[in-house]
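Quick note: numbers below take in every heavy atom, side chains included, and nothing from hydrogens, waters or symmetry partners. Throughout, protein chains are lettered first and strands after them, A, B, ... in sequence-line order, and every chain is numbered starting at 1.
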Amino acid sequence: MTATGSASDSAHAPRVRIAPSPTGPLHIGTARTALFNYLYARHTGGTFVLRLEDTDQARSSIAYEKDILDGLHWLGLNWDEGPEVAGEAARGPHAPYRQMQRLPKYAAAAARLLAADMAYPCYCTPDELDADRRVQEEARTPPRYVGRCAQLTADERAAREAEGRRGALRFRVGTGLVAFDDVVRGRVEIDVANLGGDFVIVRADGLPLYHFTVVVDDAAMEISHVIRGEDHLSNTPKHVLLFRALGYPEPRFAHLPLILNPDRTKMSKRKSQTAVSDYIAVGFIREALVNYLALLGWATGTEEEILSIDEIVERFDLEAVHKGGAVFDRERLEWLNGQWIRRLEPDDLIDRLRPFIEAEQVAGRIDWLPSDGELRALLPVVRERLPTLGAIGELAGFLWVRSVPIDPAVLVPKRWDAATARDGLAAARSTIAAVGEVTFEADELEPPLRALAETRGWKVGDLFMAIRVAITGRTATPPLFDTIVALGRDRTLERIDRALEALANA
RNA sequence: GCCGCAUUCGUCUAGAGGCCCAGGACACCGCCCUCUCAAGGCGGAGAUCAUCGGUUCGAAUCCGAUAUGCGGUACCA
């Protein structure tokens, strides 16, 4: 164990972080890692830090950064310390929180390692390195840096520098066993010999690399618990070595199980939908996504499963996190989403539905937007029919169009013929027309229409289906009488007239 | 290849030696409710707890080996 102690030994509240790399849109896996860090921080009264790891300049972009920050905000995973965004100043005592703005800190740390000969400049060219790798491959031996530049004298280094060659900085891994106690996995040991030799911490162009920056920053930001995906487990010994070399206390590590594609490989864009924004776009709501993600790799130990983020915070326990990976099951997410949609307050639901209804109009699928009053009246019958907010158009779009498509073939219920359909619709039309214009309500409509079916010897299902198709153009809709009321007396009668015309012409 | 990690119904999971010939949820099937579609209620099917061996009076739970899977092995993160 370490003589320097551990960052988590302190009596202070935990400090955790999410350190996304803006090289792609917010990924489900990143969101889950952020969530677990957030849950741990909030449960323990600790601090949640956001740090942007943007040293991969070739792949990083502002657009991705925005997508990630927006996504985290949308999920409600607000950080206590983080970079300046949209004109707002950085928050927290360890600014800046963007790695590209912390370059001097890495340079200083690198200089210390170099001065102590714990790191050395390596002048090997990519070609040389490739050749080494090929030789090792053929010899069936594990790939590792051969150490060509490990023992260069000052003169030899100077000679190479004089040739104009810029060295990358390699960290000496030494020998021995590295061990650490992972909060979720227990003790993990790795022989340094399996680390692949001395690894590069600063590229020849001066840019520091991930394994190095992560350690420098986690130490500088006093991170006590590094909670991240299992894909970093094998690299953790490198970090431990670096913490020790730099004389920093080691944080505790907690490696979360991976989120998997259906084929049980690490969740990837190629095989799954991985961008949080894609889930937002089709109408998943934050409560459901957070609830679902929390339950991938963790459970309360009880049979509760529909939990708000605050309830999850209360119950969260890092030590109860699983070791095995979890397949992302979209159907279960959809079920949870429906559960949460049904739990939203009416006004809240209306607000969240708005953008999706507007999108329907933009797409030309509806002709106008409903008022808040109309929407509110509709909620009781649509809310349990919405697996996602984006389903609203399919479900109720027929209300906001000038006319619906009429297909005589579906207009006629299976047990009926065209003549009966005409007869039925005409009779229904007068029955509906007979209901007062002033009070036009569902329970005024139902009795006379049922009576009509009975006196004519029709199955109510058939009569109702003919009306349904005539006024909505579809066979699956919210309950008929609520639908008629929502449509209004005049438009209902008009649509029935249209249907009658279509039947006459057919 | 090497190293590491993992392994309970198709999927997410409960389970920390006897309460388990394994419980819940999603999905699936059936019934009920019902004007369609949902929602809801009830019920069903679905796991020899990866395998083998050991410890123990007793193992999904402890130990070992094996198998399989995944992850890592970059001058990416």
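Comparing A:Ala19 and A:Lys266 by the nucleotide of RNA chain B that holds the closest heavy atom to each, the one mapping nearer the 5' end is A:Lys266. Take the nearest nucleotide of RNA chain B for A:Asp205 and for A:Gly461: the residue whose nucleotide is more 5' is A:Gly461.
Between A:His239 and A:His211, the distance from one ring center to the other falls under 6.0 angstrom.
For the P atom pair drawn from B:rC70 and B:rC32, the interatomic distance equals 45 Å after rounding to whole Å. Distance noted for atom P between B:rG58 and B:rG18: 14 Å (whole Å).
A heavy-atom distance below 4.5 Å is not found between the side chains of A:Ile201 and A:Arg170. Within the 4.5 Å cutoff, the side chain of A:Tyr120 has no heavy atoms near those of the A:Phe171 side chain. Residues A:Leu209 and A:Phe199 have side chains not in contact (no heavy-atom distance under 4.5 Å, counting atoms from C-beta outward).
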For nucleotides 2-14 of chain B, just jot down a letter per nucleotide in 5' to 3' order: B, S or -, based on protein non-hydrogen atoms under 4.0 Å.
SSSSS----BBSS
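Whole-Å rounding puts the A:Lys414 NZ to B:rC35 C1' distance at 10 Å. Rounded to whole angstrom, the span from the CG atom of A:Asn337 across to the P atom of B:rC26 amounts to 15 Å. Going from atom NZ of A:Lys238 over to atom C1' of B:rC76 covers 12 Å, rounded to whole Å. In this structure, A:Phe481 atom CZ and B:rC37 atom P are separated by 15 Å, rounded to whole Å. Rounded to whole angstrom, the span from the CD atom of A:Glu303 across to the C1' atom of B:rG15 amounts to 11 Å. Atom pair A:Ile392:CD1 and B:rA38:C1' shows a separation of 13 Å (rounding to whole Å applied). In this structure, the CD1 atom of A:Ile201 is 16 Å from the C1' atom of B:rC76, given to the nearest Å.
Between A:Arg203 and B:rC76 there is a side-chain polar atom (N or O) within less than 4.0 angstrom of OP1 or OP2. The phosphate of B:rG40 has OP1 or OP2 within less than 4.0 Å of a side-chain N or O from A:Arg342.
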Between A:Thr302 and A:Thr300, does a side chain to side chain donor-acceptor pair (under 3.5 Å) hold up when you go through it step by step?
CA-CA 5 Å; A:Thr302 69; A:Thr300 59; 2.7 Å; yes
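A:Thr477 and A:Arg468 share a donor-acceptor pair across their side chains, judged by distance under 3.5 Å alone.
Using a 4.0 Å cutoff on non-hydrogen atoms, the parts of residues 381-390 of chain A near RNA chain B are A:Glu384, A:Arg385, ordered by number.
Closest to the A:Glu331 side chain, of the nucleotides B:rA27, B:rU34, B:rG71, is B:rA27.
Identified under the salt bridge (Lys or Arg N to Asp or Glu O under 4.0 Å) test for residues 199-218 of chain A, with sequence neighbours left out: A:Arg17-A:Asp218, A:Arg51-A:Asp217, A:Arg51-A:Asp218, A:Arg102-A:Asp217, A:Arg203-A:Asp205.
Across all strands, A:Gln99 comes closer than 4.0 Å to no nucleic acid atom at all (heavy-atom distances). No contact: A:Arg144 has no heavy atom under 4.0 Å from any strand. In this structure, A:Asn235 reaches the bases: a heavy-atom distance under 4.0 Å links it to at least one base atom across the strands shown. Note on A:Thr477: a base of the nucleic acid sits closer than 4.0 angstrom, heavy atoms only. Using a 4.0 Å heavy-atom criterion, one finds that A:Thr265 contacts the sugar-phosphate atoms exclusively. Backbone-only engagement by A:Leu258 is indicated by non-hydrogen atom pairs under 4.0 Å involving sugar-phosphate atoms exclusively. Contact annotation for A:Arg468: base contact, defined as any heavy-atom pair under 4.0 Å involving a base atom.
The pair A:Glu304-A:Arg315 counts as a salt bridge, with a side-chain nitrogen and a carboxylate oxygen less than 4.0 angstrom apart.
With rounding to the nearest 0.5 angstrom, the CG atom of A:Leu386 is 5.0 Å from the CD1 atom of A:Ile392.
In this structure, A:Arg330 is not positioned above the aromatic face of A:Phe328 in the sense of NZ or CZ being under 6.0 Å from the six-membered ring centre and within 45° of the axis.
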